[in-house]
Amino acid sequence: MLYRKMPKNGDELSVLGFGCMRFTVKEDGSIDEKIATKHVRYAIDHGVNYVDTAWPYHMGQSEPFLGRALADGYREKVKLATKLPSWMLERREDMDYFLNSQLDKLKTDHIDYYLIHALVGELWDNVEKLGVIDFLDKAKSDGRIVNAGFSFHGSADDFKRIVDAYDWDFCQIQYNFLDEKNQAGTEGLEYAASKGLGVVIMEPLRGGNLTSPVPSAVKEIWDAAPTKRTAAEWALRWVWHHPEVTVVLSGMNKETHIEENITMADKAYPNSLTEAELQLVKKVELKYRKLMKVGCTGCRYCMPCPEGVNIPLCFETYNNLYMSDSTDETKFLYAARLGGILSVGGPEFASQCVQCGKCLEKCPQHLDIPTILESAVAELEGPDLEESVAIAKQVLKQT
Ligand code: SF4
Ligand code: SF4
């Protein structure tokens, strides 16, 4: 296992982190604790020392499970990360309630890496108003948390604004070769690193869409490379190539998968891809963009929409519908991410578009946004949308 240094505190963190949102589950949907414990401990025994969970993962069961899985001395072998559910905060006291409950659930007296979960610009404004900076300062000084960070899903501009708003130790962003210009993107990654923040990466395989399944036109490009690597290895190596990246998270639930990732992480040096290999990844990226339903880069120039449509996220999810092998999961994520549960401004669905056309001239890709949104509505929104939003609320808002 290779390790990279957290810039502000010198912690040597494994380049591969264990993401705790996709454990093996039983038929009834509960975590298969025997198997999942084996997986977590196997990864730790093979050098993984960063474990990342959050309040809502596995319907609230990830944290208490992890508390049990890290018994027998495993807690001391890792840096533990979990997150404050920013969308559930109504008062300053809520922050202490969540953190103290998390310490109980995780059977620990401190969280090594504590993140404000899933920020976008408006959510940040809200939690800042509620006193999150005072909360972080106090939790750090009384030792309940060691390092403060945030995970992020908004625009690059809001990302920079949040980076500048507090003396953060680290942040967590979505990053892969299709998201260079989406959300924080490369601009955000470099900005955070320039300010001395460690950067943890989520979605290095874009929710599995870069590997399952690999379209034949893409596979042909990978297969033509002189160095043979799987699609997952290419995608992960591309992320690790960036020296600004500290840890890359992977939600691992198969032994073979864990072994493969650990083997790949052994070669994950910064700047380790050649110019020719980077060109190859670029070729694959362009091929994906051709295969995608919508050529949206996520630049957000079209935003804000006066009707509240989150245009880039609608298009990202619409593309995922075509890249993913799980239509149900993509539709559920559409309901969860755009249903207003994680935002302060209410729902952001494609169906809110009134075809005013105000976004049209702002799109550098010259996309016919209102028409594409209509198609997205037809495929992503159906009679079960309301029910999916209700389930997502249950999952994300249980206390
Ligand atoms: S056309 Fe639709 S998406 Fe574009 S600005 Fe108007 S309401 Fe928003
Ligand atoms: S629709 Fe166009 S302007 Fe909006 S995010 Fe996508 S590429 Fe950028």
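Atoms within a ligand are numbered from 1 in the order they appear, just like the ligands themselves.
At least one donor-acceptor pair closer than 3.5 Å links the side chain of Ser14 to the backbone N or O of Asn49. Formation of a donor-acceptor pair under 3.5 Å by the Asp112 side chain with backbone atoms of Leu80 is found in this model. In this structure, Gln352 contributes its side chain and Pro347 its backbone to a donor-acceptor pair below 3.5 Å. Under the 3.5 Å distance criterion, the side-chain polar atoms of Asp384 are left unmatched by any main-chain donor or acceptor of Glu387.
Within ligand 1, the atoms closer than 4.0 Å to a non-hydrogen atom of Glu307 are 7 (S), numbered from 1 in the order shown. For ligand 1, the atoms closer than 4.0 angstrom to any heavy atom of Pro370 are 1 (S). Counting the atoms of ligand 2 from 1 in the order shown, those under 4.0 Å from a heavy atom of Cys302 are 1 (S), 3 (S), 4 (Fe), 5 (S).
Of the protein's non-hydrogen atoms, Val354 N, 3.4 Å is the one closest to atom 7 (S) of ligand 1. If you check which protein heavy atom lies closest to atom 1 (S) of ligand 1, you get Gly357 N, 3.2 Å. Distance from atom 5 (S) of ligand 2 to its nearest protein heavy atom, with residue and atom name: Arg300 N, 3.2 Å. For atom 6 (Fe) of ligand 2, the nearest non-hydrogen atom of the protein is Cys296 SG, 2.4 Å.
With values rounded to the nearest 0.5 angstrom, Gln172 atom CD is found 5.0 Å from Leu249 atom CG. For the atom pair OG (Ser250) and CG (Leu16), the distance works out to 6.0 Å, reported to the nearest 0.5 Å. The NZ atom of Lys282 lies 12.5 Å from the CG atom of Leu280; values are rounded to the nearest 0.5 Å.
At a threshold of 2.8 Å, atom 4 (Fe) of ligand 2 has no backbone or side-chain N, O or S atom of Cys363 nearer than that distance.
In this comparison of Pro306, Cys305, Cys353, the heavy atom closest to atom 8 (Fe) of ligand 1 sits on Cys305.
In this model, a donor atom of one side chain and an acceptor atom of the other lie less than 3.5 Å apart for Tyr57 and Lys83.
For Leu373, every heavy-atom contact with ligand 1 shorter than 4.0 Å involves the side chain, none the backbone. Proximity of Cys359 to ligand 1, defined as any heavy-atom pair under 4.0 Å, is shared by backbone and side chain alike.
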